[in-house]
Colleague: 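Here it is, the structure in full.
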Amino acid sequence: MLNLLQEMGKRGLGVFERLGRGCILFYNIIMGLHTLIPRFGLVVYQVYSVGVLSLIIIVVSGLFVGMVLGLQGYNTLVDFGAEESLGIVVALALVRELGPVVTALLFAGRAGSALTAEIGLMKATEQLSAMEMMAIDPIRRVMAPRFLAGFIAMPLLAAIFSAVGVIGGYFVAVGLVGVDEGAFWSQMQDAVDLYDDIYNGVIKSVVFGVVVTWIAIFEGSDAIPTSEGVSRATTRTVVHSALAVLGLDFVLTALMFGEI
Amino acid sequence: MNTRIVEIWVGIFIAAGSAALFMLAMKVSNLATYTDDEGYVVTAKFEDASGLKVRSPVAMAGVRLGRVTDIKFDNQSLEAVVTMRIESQYNTLPKDTSASIYTAGLLGEKYVGLEPGGDEASLQNGDRIKLTQSSMVLEKLIGQFVSKFLNEDSSDKK
């Protein structure tokens, strides 16, 4: 019995310890961001590896998500003779929810896991310790550029996802099922508000970008420095990022659209 | 990889992201028709403004002239005071224009429909539209219809 309680206590303390280490890392990264100004090339290279290399998966999934939304929305709306509202359905679903959330999930899988593996392996092969020996702060040299790159890349990826999704929905609606083109765009423009919908979508994607990159970097730097530890850390990054994104999405949606 | 190629790709990525945001703002949202800052303001009192919302359209002859900017309750007359902003290019509406609340389609959104009068003077900033007709509430209509129907039914039996 006591052993069980001790185990529970140990686990609980472990969770809080990790949370605390994560917050300290986050603080140190934010404090280290200003050192990137004279060395912006580091950030550009990281934007390439987390942003540009994620572009293909984002564009392809955005296109198909938009097309599926168009088809499914049409099947329901046509019963009410409201198939002109398809533009509203596709645009609102993408801009408010699916754009930021699906992009964040894909981003966690594509870029977050790569970040964790990279930093975890740097730790396992003692590259981070070597940097410290040379009086280079690995937080400023390795982690801060990656964090800033995730912060920059994620909103852009979400915007690309939403825009491509709307175009995919347009192809299905106008090309495949024959919704009137003018009605599709005009109803969409009538219902989608720049501030309420698009700005809030961008805010969501910024928050998700920060959270996913933070989790990925923390898991990498906190990994047990063995090959097994790195593989576990990579798995944890994807799982924790997905949970954090979906949970935060509910909170943000309640704050933005729930009128509470 | 060559730094130059990396930088070019990042440039393309940022340009594509900005273009996507721009497309969302201009093509998907209502930014292109966003003219709330211009124009003049008129008010109208309605006995019943149910279903009308801020940003509902104000139309004459089926053309949108402006939007509803505010809906308040007047404590004295116990009526709804609807403030609307009309775009400044439509500045020749007669002073005795009347306003009614209509529904777009049977179950669609409510909008304010204006009908022109015959006055030669035109509406100015801050004017009040005096002739108004309230919104048609579907429940009330159905209630009237049902009670009428029931009355006829019971009078038939006598």
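Naming: A, B, ... by sequence-line order, numbering from 1 per chain. Keep in mind that what you see is a predicted model, and the values were worked out from it rather than measured.
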Colleague: Just checking B:E115: does its CD atom have more than 12 heavy atoms from other residues, nucleotides or ligands closer to it than 6.0 angstrom?
Modeller: yes
Colleague: Checking B:I12 against chain A: side chain, backbone, both or neither under 4.5 Å from a heavy atom?
Modeller: neither
Colleague: Using a cut-off of under 4.5 Å for heavy-atom pairs, which of A:P155, A:A91, A:G201, A:G51 has the most such pairs with chain B?
Modeller: A:G51
Colleague: So, A:K204 side chain and A:R96 main chain: donor-acceptor pair closer than 3.5 Å or not?
Modeller: yes
Colleague: Take atom CZ of A:F151 as the centre, draw a 6.0 Å sphere, and report whether it contains more than 12 heavy atoms from other residues, nucleotides or ligands.
Modeller: no
Colleague: Please identify, among A:A153, A:A82, A:G41, the residue contributing the most non-hydrogen atom pairs under 4.5 Å to chain B.
Modeller: A:A153
Colleague: Measuring heavy-atom distances to chain B, does A:V202 have an atom under 4.5 Å in its side chain, in its backbone, in both, or in neither?
Modeller: side chain
Colleague: Can you say whether A:V44 sits under 4.5 Å from chain B via the side chain, the backbone, both, or neither, judging by heavy atoms?
Modeller: both
Colleague: Where does A:L55 contact chain B at under 4.5 Å (heavy atoms): side chain, backbone, both or neither?
Modeller: side chain
Colleague: Tell me if a side-chain donor or acceptor on A:N200 pairs with a main-chain N or O of A:D196 at a distance below 3.5 Å.
Modeller: yes
Colleague: Taking side chain as everything from C-beta outward and backbone as N, CA, C, O, which of these in A:A191 sits under 4.5 Å from a heavy atom of chain B? Side chain, backbone, both or neither.
Modeller: neither
Colleague: Does A:R110, at its CZ atom, have more than 12 non-hydrogen atoms belonging to other residues, nucleotides or ligands within less than 6.0 Å?
Modeller: yes
Colleague: Assess the side chains of A:T253 and A:E97: does a donor N or O sit below 3.5 Å from an acceptor N or O?
Modeller: yes
Colleague: Which bit of A:V95 is near chain B, if near means a heavy-atom gap under 4.5 Å: side chain, backbone, both or neither?
Modeller: side chain
